[in-house]
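Only one structure is covered here, and it is reproduced in the block below.
Proteins get letters first, then strands, A, B, ... in listed order; numbering begins at 1 in each.
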Amino acid sequence: MSVPNDTHAKLASYAHPERLVTTEWLAEHLGDPGLAVVESDEDVLLYDTGHIPGSVKVDWHTELNDPVTRDYVNGTRFAQLLGEKGIGRDDTVVIYGDRNNWWAAYALWVFSLFGHQDVRLLDGGRAKWVAEGRELTREVPNPTPADYPVVERDDNVIRAFKDEVLAHLGKPLVDVRSPGEYSGELLHMPDYPQEGAVRGGHIPGAASVPWARAAAEDATFKSREELEAIYQQEQGLSPSDEVIAYCRIGERSSHTWFVLTHLLGFPNVRNYDGSWTEWGNSVRAPIAIGTERGSVK
Amino acid sequence: MTAPAALPPKLAELVDDFSGVGVKDRLQLLLELSEELPALPAKYAGHRESMEQVHECQTPLFLAVEVASDEDRTVRLYFDAPPEAPTTRGFASIMVSGLDGEPAEEVLAVPNDFYLALGLGEAVSPLRLRGMAAMLARIKNQVRSAG
């Protein structure tokens, strides 16, 4: 079963307001039957220092990634994971996390690969909840296991692989990494190699829109108007475009995927999770360096 | 698994503590260490410009290294990391618990990959672990440049 949507006025202006909830809404609905709250962070210990009461932790590294192959877990493992966390297929899942919901958006994207229907982000994430002085607990819930069905991932709709990106060249791409990574200046730091890519730069034609530009000071998403100004007016993207977003391993670009898909209503956006750690290591993959988008010769 | 012989005693003990328990308890240990990271002394508090930033960490981490002029050239370590970065604080705390107060020679002799013996690789991503390697590299650089 699922729970009602948050009808807050700020959310109503987005293309899919049902994909977000406010901290007020979550505080009111904690404990509602059919609502599961998930924390997903960059910092592996943060949940353990205190979390939203009743929330369970999902770790992107140990729980969503396959331990051997560079891929996500399969349907069996995902069903087992959600079952253990007490999450049912029809439950409303609200995900929140640190760093402007960076990893929360990544988890939401992975849940979406498995077609979990009702999955939402907490607008403002962990930072806003904490800043508002809302309750945190160290008590780890012991959920009643749920019977989550085995559903295989659908990698065709919102995920892009390298060959698909090659075929896509010439159509809109969004590089959401930092300007230094985009231009190719940042590859190695003093003392040791940084990103694990042998070449720096970006995929030719990609627009540079660092992911965090979509977040406001308080870690909430910027308003619809502000987001349109960035992605549509400034970068020239249009909702009718087919867009592929990428970063280093696909986490930061999940955030941008969320913004374009659910907040601005672009229906054809894919996340290239191979991202720079695949592209920048691939023999003969075309690369542009510098601050210009560049093009494929 | 026993710690390499080259580790200073307190660091060797930490490595033994970590490698002696399962993955879940290792994270618990790291959490406890993160809470024990000493607050900055007054001379550094609010003076990040006098500290070195460890850019390789995914969260802001600042480090100060002092080498005393005694015979041992005793090394003192000071770290500053925000409470919302407990993993980074835990790594910093390992450095403080294991290396603070040790002679410069001992600090320089710590193998650069000592952290592998902590057995955190299964729970903490490689990128996160790199922060720890970077901390040690920067500590050693500062100890060396202190003459």
May I ask you to list the residues in residues 21-31 of chain B that approach chain A closer than 4.5 angstrom, counting heavy atoms only, ordered by number?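 Only B:L27, B:L30, B:L31 of residues 21-31 of chain B have a heavy atom under 4.5 Å from chain A.
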Of all heavy-atom pairs between A:W276 and A:I203, which one has the smallest distance, and what is that distance?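 So the two residues come closest at CZ3-N, 3.6 Å.
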Could you pull out the closest heavy-atom pair between A:G200 and A:I287, with the gap in Å?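 A:G200 and A:I287 have their closest heavy atoms at O-CG2, 3.4 Å.
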Only counting residues at least two apart or in another chain, list the ones meeting side-chain contact (heavy atoms from CB on, under 4.5 Å) with A:A160.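 Expected list: A:E164, A:V165, A:I244, A:R270, A:Y272.
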Answer yes or no: are there more than 12 heavy-atom neighbours, outside A:E24 itself, under 6.0 Å from its atom CD?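 Yes, CD of A:E24 has more than 12 neighbouring heavy atoms, counting only those of other groups under 6.0 Å.
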Whether over 12 other heavy atoms sit under 6.0 Å from A:L30 CG: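 Count over threshold, so yes.
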Residues of residues 53-77 of chain A within contact distance of chain B, non-hydrogen under 4.5 Å: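 Checking residues 53-77 of chain A against chain B gives A:D59, A:W60, A:H61, A:T62.
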Taking heavy atoms only and a threshold strictly under 4.5 Å, list by residue number the residues of residues 128-146 of chain A that touch chain B; give 'none' if the list is empty.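 The residues closer than 4.5 Å to chain B, in numerical order, are A:R138.
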Within the structure provided, determine whether [X] and [Y] are in side-chain contact (heavy-atom separation under 4.5 Å).
X      : Y      : value
B:P8   : B:V107 : no
A:D43  : B:E84  : no
A:D123 : A:T23  : no

Regarding A:D218 and A:T220, do their side chains bring together a donor and an acceptor under 3.5 Å, going by distance alone?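 A:T220 and A:D218 do have a side-chain donor-acceptor pair below 3.5 Å.
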In terms of side-chain heavy atoms, does A:E251 have a donor or acceptor partner in A:W103 at a distance below 3.5 Å?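 Looking only at side-chain atoms, A:W103 and A:E251 do not form any donor-acceptor pair under 3.5 Å.
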Electrostatic pair A:R248:A:E181 at N-O distance under 4.0 angstrom: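 Judged by the 4.0 Å cut-off on N to carboxylate O distance, A:R248 and A:E181 do not form a salt bridge.
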Are the aromatic ring centres of A:H255 and A:F221 under 6.0 angstrom apart?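 Ring centroids of A:H255 and A:F221 are less than 6.0 Å from each other.
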What orientation do A:W109 and A:W257 show, parallel under 30°, tilted 30 to 60°, or perpendicular over 60°?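 Perpendicular, since the angle between the ring planes exceeds 60°.
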